Amino acid sequence: MDNAKPSPGDVTDRNLALELVRVTEAAALAASKWIGIGKKNEADGAAVEAMRKAFDSVQISGTVVIGEGEMDEAPMLFIGEKVGAGGPMMDIAVDPLEGTTLTSKGGPNAIATVALAEHGNFLHAPDIYMDKIAVGGGLPAGVINLDDSVATNLRNLARAKKCEVSDLMACILDRDRHKELIAKTREAGARITLISDGDVAGVIATTQPESLIDIYLGSGGAPEGVLAAAALRCIGGQMQGRLMYEEESQRERVRQMGHADPNRCFTCEEMAKGDVMFAATGVTTGAMLRGVRRFSGGAVTHSVVMRSRSGTVRYIEGHHNFAQKTWWEAP
């Protein structure tokens with residue numbers, strides 16, 4: 001419990017953090033209709049529209065600076081979109097459904113996520129790839145470095161954790177582009193958990209002892225990288241990311257977004273600065289969150305909301321009566 005008496009602004013901020021949970025709940029409820037149906041774009045579209053509508057009741061003047069969907073032309077809350085019912089100017093990072101394929105196949109760890117910060121505090125990045133490395137909290141500063149080899153990072157992490165490299169578990173997206181990374185990780189002696197999707201959940205898993213994940217390695221979407229950095233700012237951990245380019249036009253776009261050095265390596269604190277709020281609701285069950293449990297006339301959701309300034313992490317179980325919900329929340 002905080003000893004200091006909260007100011008009126010603190011009360012507003014705390015209410016806002018809980019409002020974010022309603023936004024992710026709406027997206028998760030909408031997406032849950034599509035679990036196991038095999039239609040990932042429909043699931044994503046439902047989550048996007050529910051999240052967009054839910055933002056209409058949040059007392060902010062928000063601008064989406066990290067959106068999703070550009071890379072595969074899926075539905076999106078697009079970069080530059082204005083959301084909210086009016087209030088303080090805030091920047092928003094969203095992934096209404098992280099794990100569209102997981103949802104379509106009924107796989108684990110699909111989540112709806114949103115992060116909030118004061119204007120100018122999120123890294124502006126288009127929907128391109130980002131090379132990432134992340135570990136959980138309680139470790140010496142600089143224990144990981146994206147410029148070091150996989151073997152060096154694993155040795156340094158093992159030394160910090162007072163264990164052998166063979167005791168470490170790395171989380172890596174199961175992609176053809178990661179064949180060399182996977183081989184080098186195994187050559188160094190570490191074990192690997194390969195995931196099919198969901199690298200925000202993969203990064204956050206490094207902070208969850210029950211996940212058994214010690215380090216996240218590899219490339220994924222840049223928007224997901226910023227969202228993961230926002231979560232680590234709140235819950236603790238270290239992360240570095242560097243944007244990756246498939247063509248020169250992407251590099252030029254990044255320059256136009258204000259990055260003089262498009263090859264710069266960003267720390268967690270540079271990707272999500274200041275006072276950050278992060279919320280996520282489980283769509284399908286994973287290491288951190290339980291998935292939506294639907295029943296006749298309602299559903300139960302499981303969410304987390306975090307804030308960097310206080311370091312508070314709250315888990316919230318929501319019981320929803322569809323007879324009393326508006327159209328965007330109802331089945």
Side-chain angles (χ1 to χ4, degrees), residues 20-57 64 66-78 81 83 92-115 127 173-175 195-202 204-205 220-221 223-224 227-228 279-304 316-331:
L20 288 185
V21 174
R22 294 186 174 93
V23 171
T24 57
E25 283 177 343
L29 286 167
S32 70
K33 291 175 57 181
W34 298 92
I35 294 173
I37 302 299
K39 297 182 177 180
K40 68 175 187 176
N41 286 340
E42 286 82 353
D44 200 18
V48 167
E49 287 308 310
M51 181 172 280
R52 178 178 281 127
K53 187 67 177 179
F55 264 122
D56 288 345
S57 64
V64 177
I66 293 292
E68 58 87 43
E70 294 177 12
M71 198 149 43
D72 55 6
E73 298 183 354
M76 61 178 135
L77 278 153
F78 58 85
E81 183 170 350
V83 298
I92 299 168
V94 298
D95 195 340
L97 182 57
E98 205 237 353
T100 55
T101 301
L102 291 172
T103 301
S104 70
K105 294 181 177 180
N109 282 317
I111 56 177
T113 64
V114 62
D127 195 357
L173 276 172
D174 190 5
R175 298 288 188 271
I195 57 174
S196 60
D197 290 282
D199 59 343
V200 174
I204 295 174
E224 289 83 355
L227 277 161
T281 299
V283 178
T284 61
T285 296
M288 180 175 64
L289 295 169
R290 298 188 298 275
V292 176
R293 179 166 62 85
R294 299 178 68 93
F295 51 85
S296 178
V300 177
T301 56
H302 188 218
S303 305
V304 63
I316 299 171
E317 184 176 278
H319 293 250
H320 307 270
N321 183 342
F322 289 152
Q324 297 177 308
K325 296 286 184 181
T326 52
W327 68 267
W328 49 269
E329 294 170 308

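Throughout, numbering of the chain's residues begins at 1 and tracks the sequence. The structure displayed is predicted, hence computed values, not measured ones.
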Enquirer: Are the charged groups of Glu49 and Arg52 less than 4.0 angstrom apart, N to O?
Expert: yes
Enquirer: Heavy atoms only: give me the nearest Ser32-Arg294 pair and the separation to one decimal.
Expert: OG-NH1, 2.7 Å
Enquirer: Less than 4.0 Å between a side-chain N and a carboxylate O, is that true for Asp197 and Arg175?
Expert: yes
Enquirer: Which residue is it: Thr281, Val21, Ile316? I am looking for the one with a side-chain contact (heavy atoms from CB on, under 4.5 Å) to Thr301.
Expert: Thr281
Enquirer: What distance separates Trp34 CH2 from Asn41 CG, expressed to the nearest 0.5 Å?
Expert: 10.5 Å
Enquirer: Begin from the C-alpha positions of Ile92 and Phe55 and carry the test side chain to side chain contact (heavy atoms under 4.5 Å, CB included) through to its verdict.
Expert: CA-CA 11 Å; Ile92 299 168; Phe55 264 122; 3.9 Å; yes
Enquirer: Which heavy atom of His320 sits nearest a heavy atom of Phe295, and at what distance?
Expert: O-CZ, 4.5 Å
Enquirer: Could you check Leu29 against Val292 for side chain to side chain contact (heavy atoms under 4.5 Å, CB included), going step by step and ending with a plain yes or no?
Expert: CA-CA 7 Å; Leu29 286 167; Val292 176; 4.1 Å; yes
Enquirer: Treating Thr284 as the side-chain partner and Thr103 as the backbone partner, does any N or O pair qualify as donor plus acceptor under 3.5 Å?
Expert: no
Enquirer: Verify, without hydrogens or angle tests, whether Thr285 (side chain) and Gly291 (backbone) share a donor-acceptor contact under 3.5 angstrom.
Expert: yes
Enquirer: Identify the heavy atoms of Ser104 and Lys40 that sit nearest to each other, and give their distance.
Expert: CB-N, 3.8 Å
Enquirer: In terms of side-chain geometry, is the basic nitrogen of Glu42 or Lys33 positioned less than 4.0 Å from the acidic oxygen of its partner?
Expert: no
Enquirer: Can you check side chain to side chain contact (heavy atoms under 4.5 Å, CB included) on Asn109 and Ile195, steps first, answer last?
Expert: CA-CA 10 Å; Asn109 282 317; Ile195 57 174; 5.6 Å; no
Enquirer: Rounded to the nearest 0.5 Å, what separates atom OG1 in Thr101 from atom CG in Asp44?
Expert: 9.5 Å
Enquirer: What are the two closest non-hydrogen atoms of Ala279 and Thr24, and how far apart are they?
Expert: O-CG2, 3.6 Å
Enquirer: Ignoring hydrogens, what is the shortest heavy-atom contact between Gly220 and Leu173? Give both atom names and the distance.
Expert: CA-CD1, 4.3 Å
Enquirer: Specify the closest pair of heavy atoms between Ala93 and Leu227, including all atoms of both residues, with the distance to one decimal.
Expert: O-CD2, 3.5 Å
Enquirer: Report yes or no: does Glu98 contribute a side-chain atom to a donor-acceptor pair with the main-chain N or O of Asp199 at less than 3.5 Å?
Expert: yes
Enquirer: Working to the nearest 0.5 Å, report the span between CE of Met51 and CZ of Arg22.
Expert: 14.5 Å
